[in-house]
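Notes follow once the structure below has been shown.
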Amino acid sequence: MNKHYLFVCIGNTCRSPMTEAFVQQLIGHRAVVKSAGITPRGGGANALAIAVMKKNYGLDISSHTTKGTDDFDLNTFDRIVVLDVQVYTYMLHKYPYIAEKLEIYEIEDPFGGTEMVYKRCAESIKIALNTMIDKN
């Protein structure tokens with residue numbers, strides 16, 4: 001049976017779609033991987049996130065559509081990984097029943113930054129994911 005993962009950031013335009021793409025690349029079809037934001041900004045992935053993922057990793061996130069945590073039944077996920085302490089606090093408060101599924105990766109939000117900031121963010125995500133993959 002496939003594991004179900006949800007990656008959550010603030011707007012679902014940068015960190016969580018990037019993370020979703022990396023996990024899909026690493027795990028493939030052995031898992032169901034989704035991403036969401038606690039306050040989704042609408043539309044799709046941020047233009048710099050799209051550019052960095054394509055240029056540096058060959059991953060296309062241009063078709064990503066932002067979603068919120070309320071768009072999912074959180075009970076269906078085996079692990080819910082939040083990408084900073086603000087998101088962790090929000091998720092614990094709003095959805096206390098998922099506390100045992102929550103994990104936190106402290107990944108700096110690149111929103112509003114330069115392409116280099118997005119590249120550093122992507123590298124931080126890859127490092128965090130290597131730890132996650134090792135635990136599976």
Side-chain angles (χ1 to χ4, degrees):
M1 183 159 146
N2 287 347
K3 292 237 183 204
H4 290 67
Y5 298 100
L6 179 65
F7 295 93
V8 184
C9 66
I10 294 173
N12 192 225
T13 62
C14 306
R15 294 175 292 172
S16 57
M18 293 165 75
T19 307
E20 180 181 3
F22 282 134
V23 174
Q24 287 289 11
Q25 181 186 48
L26 289 167
I27 298 178
H29 298 293
R30 295 177 296 167
V32 175
V33 183
K34 302 289 181 187
S35 67
I38 60 173
T39 56
R41 294 194 170 101
N46 176 283
L48 283 174
I50 293 169
V52 163
M53 294 299 282
K54 185 71 166 170
K55 178 171 141 184
N56 297 283
Y57 307 101
L59 295 171
D60 184 3
I61 63 170
S62 63
S63 63
H64 173 75
T65 303
T66 56
K67 293 166 218 61
T69 51
D70 288 337
D71 293 332
F72 297 100
D73 175 359
L74 300 180
N75 290 310
T76 64
F77 293 97
D78 298 298
R79 292 167 78 179
I80 299 172
V81 179
V82 298
L83 299 173
D84 67 39
V85 71
Q86 176 186 352
V87 177
Y88 182 81
T89 302
Y90 174 89
M91 295 292 285
L92 271 180
H93 177 73
K94 186 166 182 185
Y95 313 104
Y97 60 92
I98 62 160
E100 73 281 352
K101 297 179 182 192
L102 277 179
E103 293 180 39
I104 184 170
Y105 295 170
E106 195 60 56
I107 307 292
E108 185 178 344
D109 191 349
F111 189 77
T114 64
E115 185 173 337
M116 182 55 66
V117 171
Y118 278 81
K119 175 81 165 77
R120 271 198 316 267
C121 176
E123 287 300 311
S124 296
I125 291 167
K126 285 186 62 117
I127 291 166
L129 288 177
N130 284 337
T131 303
M132 181 188 108
I133 300 305
D134 290 345
K135 288 196 292 190
N136 282 336

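Basis for what follows: all heavy atoms, side chains included, without hydrogens, waters or symmetry-related copies.
For the pair L74/Y97, a side-chain contact is recorded, criterion being any heavy-atom separation below 4.5 Å from C-beta on. Two residues are said to be in side-chain contact when any heavy atoms from C-beta on lie closer than 4.5 Å; V117 and C121 fail this criterion. Residues V8 and Y88 form no side-chain contact, since every pair of their non-hydrogen atoms from C-beta on lies 4.5 Å or further apart. Taking the side chain as every heavy atom from C-beta outward, R41 and T66 never approach each other to under 4.5 Å.
Residues I27 and M18 fall within the same hydrophobic cluster, defined by Ile, Leu, Val, Met, Phe, Trp and Tyr side chains chained together at heavy-atom separations under 4.5 Å. One hydrophobic cluster holds both I50 and Y57 under the rule that ILVMFWY side chains link at heavy-atom gaps under 4.5 Å. A chain of hydrophobic side-chain contacts below 4.5 Å, direct or via other Ile, Leu, Val, Met, Phe, Trp or Tyr residues, connects V52 to L26. F111 and Y90 fall into different hydrophobic clusters, where Ile, Leu, Val, Met, Phe, Trp and Tyr residues are linked whenever their side-chain heavy atoms come under 4.5 Å apart, directly or through other members. No continuous path of hydrophobic side-chain contacts links I80 to V33 [ILVMFWY only; heavy atoms under 4.5 Å].
With rounding to the nearest 0.5 angstrom, the CG atom of L102 is 12.5 Å from the CZ atom of F77. One finds the CD1 atom of I107 at 12.5 Å from the NZ atom of K126 (value rounded to the nearest 0.5 Å). Rounded to the nearest 0.5 Å, atoms NE2 (H4) and CZ (R79) are 14.0 Å apart. The distance from the CG atom of L48 to the CE atom of M53 is 13.0 Å, given to the nearest 0.5 Å. Atom CD1 of I104 is separated from atom CE of M91 by 11.5 Å, given to the nearest 0.5 angstrom. Taking CG of L6 as the start and OG1 of T69 as the end, the distance is 8.0 Å to the nearest 0.5 Å.
Of all heavy-atom pairs between A36 and F72, the closest is CB-CE1, 3.8 Å. When all heavy atoms of N2 and D78 are compared, the closest pair comes out as O-OD2, 4.1 Å. Residue A49 comes nearest to C14 through the heavy atom pair CB-CA, 4.2 Å, listed as atom of the first residue, atom of the second, then distance. Shortest non-hydrogen contact noted between I10 and Q86 is CD1-OE1, 3.6 Å.
For the residue pair D70 and Y95, a side-chain donor N or O sits within less than 3.5 Å of a side-chain acceptor on the partner.
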Test log, rule side chain to side chain contact (heavy atoms under 4.5 Å, CB included), inputs T19 and L83:
CA-CA 9 Å; T19 307; L83 299 173; 3.8 Å; yes
Would you sort out whether F7 and L129 count as a side chain to side chain contact (heavy atoms under 4.5 Å, CB included), showing the intermediate values?
CA-CA 11 Å; F7 295 93; L129 288 177; 4.3 Å; yes
The test is side chain to side chain contact (heavy atoms under 4.5 Å, CB included); show your working for Y118 and N46 and say whether it passes.
CA-CA 10 Å; Y118 278 81; N46 176 283; 3.1 Å; yes
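Between E115 and K119, no side-chain nitrogen of the basic residue sits less than 4.0 Å from a carboxylate oxygen of the acidic one, so the salt-bridge criterion is not met. With salt bridges taken as basic N to acidic carboxylate O contacts below 4.0 Å, none links R120 and E108.
Other residues, nucleotides and ligands place more than 12 heavy atoms under 6.0 Å from the NZ atom of K94. Around CD of E106, the count of heavy atoms belonging to other residues, nucleotides or ligands within 6.0 Å exceeds 12.
Every residue two or more places apart in sequence or in another chain that forms a side chain to side chain contact (heavy atoms under 4.5 Å, CB included) with D71 is listed here: K67.
Listed by first then second residue, pairs satisfying side chain to side chain donor-acceptor pair (under 3.5 Å) with a partner in residues 31-40 read N12-S35, E20-S35, not counting sequence neighbours.
A cation-pi arrangement is absent between R15 and Y105, since the terminal nitrogen or guanidinium carbon is not both under 6.0 Å from the aromatic centre and inside a 45° cone about the axis.
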